[in-house]
Amino acid sequence: MLEKTVREFMPVLLGTPEGLPDPDIEGQTRFALEYLSAGAKEFKPVYLIAAASFKVLAVLLKRKPWSMLTIEEKDYVANKLFSYSNPLLRSIPLLLAMPILASYYRREEVQMALGFDAKALKADAELRTVTRDRDLPPKCK
Amino acid sequence: MIIRPEDVKGDITKSADVVVIGSGAGGAPIAKELAVEGRSVVVLEEGAHYTRDDFKLNPLESMMRMYRDAGQTITLGVPSVVAPMGNTLGGTTTINSGTALRMLGPILKKWHMFHGLHDITEDEMGLLYSHLEEYLFVKKADPEVAGPVANTFLEGARKLGLSSGWLPRNAKECEGYGSCAFGCPSGAKQSMDVSFIPDASKSGAEFYTCCRAESIKVSNDVAKGVTGRFVDPSSGRSTGIGITVEAKVVVLAGGAIYSPFFLLRQGLANSSGQVGRNLEIHPAVQTVALMDRPMDPPKGIPQSSHVDEFKDEGIMLEGGTVPPEVHAVTLPFYGKAHAAHMKQYPNMGIFGGMVSDIDSWGRVLALPRAGYSPSIFYSLKGRDVEKARLATVIMAEIWFAAGAKKVFTAITGHTELGSTADLRRLAQSRIRARDIYAMSAYHYLGTCRMGSDPEWSVVKHTGETWDVENLFISDASILPTSPGVNPQLTIMALATRNAGFIDDKLNNG
Ligand SMILES: Cc1cc2nc3c(=O)[nH]c(=O)nc-3n(C[C@H](O)[C@H](O)[C@H](O)COP(=O)(O)OP(=O)(O)OC[C@H]3O[C@@H](n4cnc5c(N)ncnc54)[C@H](O)[C@@H]3O)c2cc1C
Ligand code: SF4
């Protein structure tokens, strides 16, 4: 159920990042589930409730059954819900997007495309040894 | 010695002079100071031990291993506040940003006047801070290493004539790997796991990791020891192996959320009814700027500069770079618009505005929940809402002065400021707490506060609880109010101070 939900919302909330690597739905879904499992026990049921609420509100806003809604229409609903001043409505896309966005932008090839080479920095860090030695001799009493 | 769960084959029974629960900013200094004095010290730490080899600049992996609830802890109330905290050897210091500031002068005066804490003097705190600053290699962030985001923000602040500068940090030879909050890969950051804990270990202190303290043994209102259980680091479930430590003194240092939770679960040290109350979180609003030039995030020092012009009004600006996966969840868009904005990540910077909470309300409760989890209630109220708005306006103003094309805020109705006209609109508006769609907090305080009146406080100025003799609390929970700045140095200073009282107690039998 959770897996289906993450898969279903991934293209809606992630968009199609032009000029960046394609989404890897399989790998990202796997990671998103792992990430959700590592959180508070209540997080998974809340996530499913948020997804169900999104669907109901999408149908009401667009006056169409969920299965007939295009990605663009769902994208519109996500941004619309987020623009409301009601914190509950606003938190629906916020919550749904969290593991999905994280699962994509954590990928090495995506980060490289955005100019962040974590591996190179780690390799550089490994070459250094910071000790707690002091440059000056200890103060005399 | 640091003991990992795989080193433990069966139930353990030990005796020691002192048993400490938690190895963060409050627990580790006590363990070190007392071990150096020749006391036998056992520390129980619920989180696992990771070293620089494990810190691979992979934020989410780090959060899943070293943060409570993978960093997804949120407060209940309006607005919801993301409240990350560490659950690893070294506590939150292992994953913090390394800012090492002294408490603001007027705050100590407030502690004297409103909480009767006259015994904590400015001179004594000054000496403790100086000692810590030397021990932890505290020095100002190097502008050469800080990175373009911090330099750009400061450039904007200077243009506006605002008081600003480089933050003092407990980092030695920092090279700006941008990963302080996910474990420093070079060992530069002087968190507890690379400073107090190894030194305590050298003096004989024993650190049991993946070991959750479950109850404090009390007889005739005197603490006698602790019982606990080893837990699986990934699931948090008990491994079935237990530990009992008989001790002359027990120190609770689980942090301002988990210490009151611990006491409330056991119904301990709460004759005042203050345990879990008076929660302050020093909440922060963020702004994201889109610049006309590369900002090169997340390289640099994640939190290296500040604007302190408004510190007396309870607003401190500090920042800022975060890696792409964290940045992605801060943007106020979804779908296509989100993807389009994320492409501009290389030209973006982020800065935070912290608000000293004076009107807001917060409380930690031990309600029935799955797992070992407290409930954290928090509502931003009154002048604090206004301060959050002001902090946002000031940050946006600074970004524009530094050449930003756009500024994204966390205030509904004002999420995208494309010009100074948009900024004026925000500057002239009134907002409610519910209009802030996202806040985060890093400094939880006050839930077992110190004071001179047993009816209004949980511990004395020495850290010992009013109700249970030989039970000390030493962590962020005892600070009666926010120190006005990032609190780790103050927590360590008070812990070092409390170690002296514990030592006296042990000397006097
Ligand atoms: C991302 C982030 C960045 C921050 N940056 C800064 C900064 O730059 N400067 C600054 O001054 N402050 C910063 N802080 C805050 C600062 O790190 C904390 O205020 C400080 O570490 C709190 O110290 P503490 O001892 O109260 O708790 P912690 O350091 O959190 O230590 C508590 C420890 O107790 C353990 N524990 C809890 N319950 C039990 C139990 N029952 N049994 C065994 N162990 C238990 C926990 O696992 C934890 O390791 C930051 C915080 C965060 C989250
Ligand atoms: S910026 Fe990098 S090197 Fe410096 S303390 Fe943080 S993680 Fe360590």
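Here the structure is a predicted model, which is why all the values come from computation and not from measurement. Labels below follow one simple rule: chain letters A, B, ... track the order of the sequence lines, proteins then strands, and each chain is numbered from 1.
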Q: With a 4.5 Å cut-off on heavy-atom pairs, point out which of A:Arg106, A:Glu34, A:Lys74, A:Arg90 contacts chain B the most.
A: A:Arg90
(Q) Among B:Pro59, B:Pro298, B:Gly371, B:Ser373, which residue has the highest count of heavy-atom pairs closer than 4.5 Å to chain A? (A) B:Pro298
**Q.** Residue, of B:Asn58, B:Asp296, B:Leu60, B:Thr73, that accumulates the most heavy atom pairs under 4.5 Å with chain A
**A.** B:Leu60
Q) Non-hydrogen atoms of chain A under 4.5 Å away: do they reach the side chain of B:Gln72, the backbone, both or neither? A) side chain
Q) Is a side-chain donor-acceptor pair under 3.5 Å present for A:Glu73 with A:Thr70? A) yes
Q: Go through the atoms of B:Val326 and report whether side chain, backbone, both or neither lie under 4.5 Å from a heavy atom of chain A.
A: neither
(Q) Quick check on B:Ser235 against chain A: is it the side chain, the backbone, both or neither that has a heavy atom closer than 4.5 Å? (A) backbone
(Q) If we define contacts as heavy-atom pairs under 4.5 Å, which of B:Arg68, B:Arg432, B:Met63, B:Lys299 has the most with chain A? (A) B:Lys299
Q.
I'd like to verify something: which residue of A:Ala40, A:Ala118, A:Ala78 has the highest number of heavy-atom pairs under 4.5 Å with chain B?
A. A:Ala40
Q) Does any heavy atom of chain B fall under 4.5 Å from the side chain of A:Tyr76, the backbone, both, or neither of them? A) neither
Q | chain A contact via B:Ile74 - side chain, backbone, both or neither, heavy atoms under 4.5 Å | A | neither
Q: Would you mind checking which part of B:Tyr135 comes under 4.5 Å of any heavy atom in chain A, side chain (CB onward), backbone (N, CA, C, O), both or neither?
A: both
Q. Where does A:Leu94 contact chain B at under 4.5 Å (heavy atoms): side chain, backbone, both or neither?
A. both
Q: Give the member of A:Gly19, A:Ala125, A:Ala38 that has the highest number of heavy-atom pairs under 4.5 Å with chain B.
A: A:Ala125
Q) Would the A:Phe82 and B:Tyr334 ring centres measure less than 6.0 Å apart? A) yes
**Q.** Gap separating the NE2 atom of B:His327 from the CZ atom of A:Phe116, nearest 0.5 angstrom
**A.** 13.5 Å
**Q.** Sequence neighbours excluded - ring-ring contact (aromatic ring centres under 6.0 Å, His included) pairs with any residue from residues 6-29 of chain A
**A.** A:Phe9-A:Phe54, A:Phe9-A:Trp66
Q. Relative to chain B, which of A:Asp124, A:Thr129, A:Val110 shows the most heavy atom pairs under 4.5 Å?
A. A:Asp124
Q | Aromatic ring proximity B:Tyr345/A:Tyr105, centre distance under 6.0 Å | A | no
Q. In terms of side-chain heavy atoms, does A:Arg132 have a donor or acceptor partner in B:Gln190 at a distance below 3.5 Å?
A. yes
Q: Name the orientation class of the two ring planes belonging to A:Tyr35 and A:Phe31 (parallel below 30°, tilted from 30 to 60°, perpendicular beyond 60°).
A: parallel
Q) Is any NZ, NE, NH1 or NH2 atom of the basic residue among A:Glu3 and A:Arg7 found under 4.0 Å from an Asp or Glu carboxylate oxygen of the other? A) yes
**Q.** Max heavy-atom pair count under 4.5 Å with chain B, selected residue of A:Glu126, A:Lys41, A:Glu42
**A.** A:Glu42
Q. Checking heavy atoms, do the side chain of B:Pro332, its backbone, both or neither come under 4.5 Å from chain A?
A. both
**Q.** Residues which pass side-chain contact (heavy atoms from CB on, under 4.5 Å) with B:Glu175, listed by chain and number, not counting sequence neighbours
**A.** A:Arg128, B:Tyr177
Q.
Please identify, among B:Arg65, B:Lys56, B:Lys343, B:Gln344, the residue contributing the most non-hydrogen atom pairs under 4.5 Å to chain A.
A. B:Lys343
Q: Would you please say whether a donor-acceptor pair under 3.5 Å links the side chains of A:Tyr104 and A:Asp24?
A: no
Q: Would you mind telling me which of A:Val12, A:Thr131, A:Leu13, A:Asn86 has the largest number of heavy-atom pairs within less than 4.5 Å of chain B?
A: A:Leu13
Q | Shortest non-hydrogen contact from B:Gly98 toward B:Asn170 | A | O-OD1, 2.8 Å
Q. Tell me, side chain or backbone of B:Pro79 under 4.5 Å from chain A's heavy atoms, or both, or neither?
A. neither
Q) What is the ring orientation for B:His341 with B:Phe408, classed by angle as parallel under 30°, tilted 30 to 60°, or perpendicular over 60°? A) perpendicular
Q. Is it the backbone or the side chain of A:Ser85 that comes under 4.5 Å from a heavy atom of chain B, or both, or neither?
A. both
Q: Give, as side chain, backbone, both or neither, the part of A:Leu20 having an atom under 4.5 angstrom from any heavy atom of chain B.
A: side chain
Q: Measure across A:Ile71 and A:Pro11 and return the closest heavy-atom pair with its distance rounded to 0.1 Å.
A: CD1-CB, 3.7 Å
Q) By a 4.5 Å heavy-atom criterion (distance strictly below it), what part of B:Asn347 contacts chain A: side chain, backbone, both, or neither? A) neither
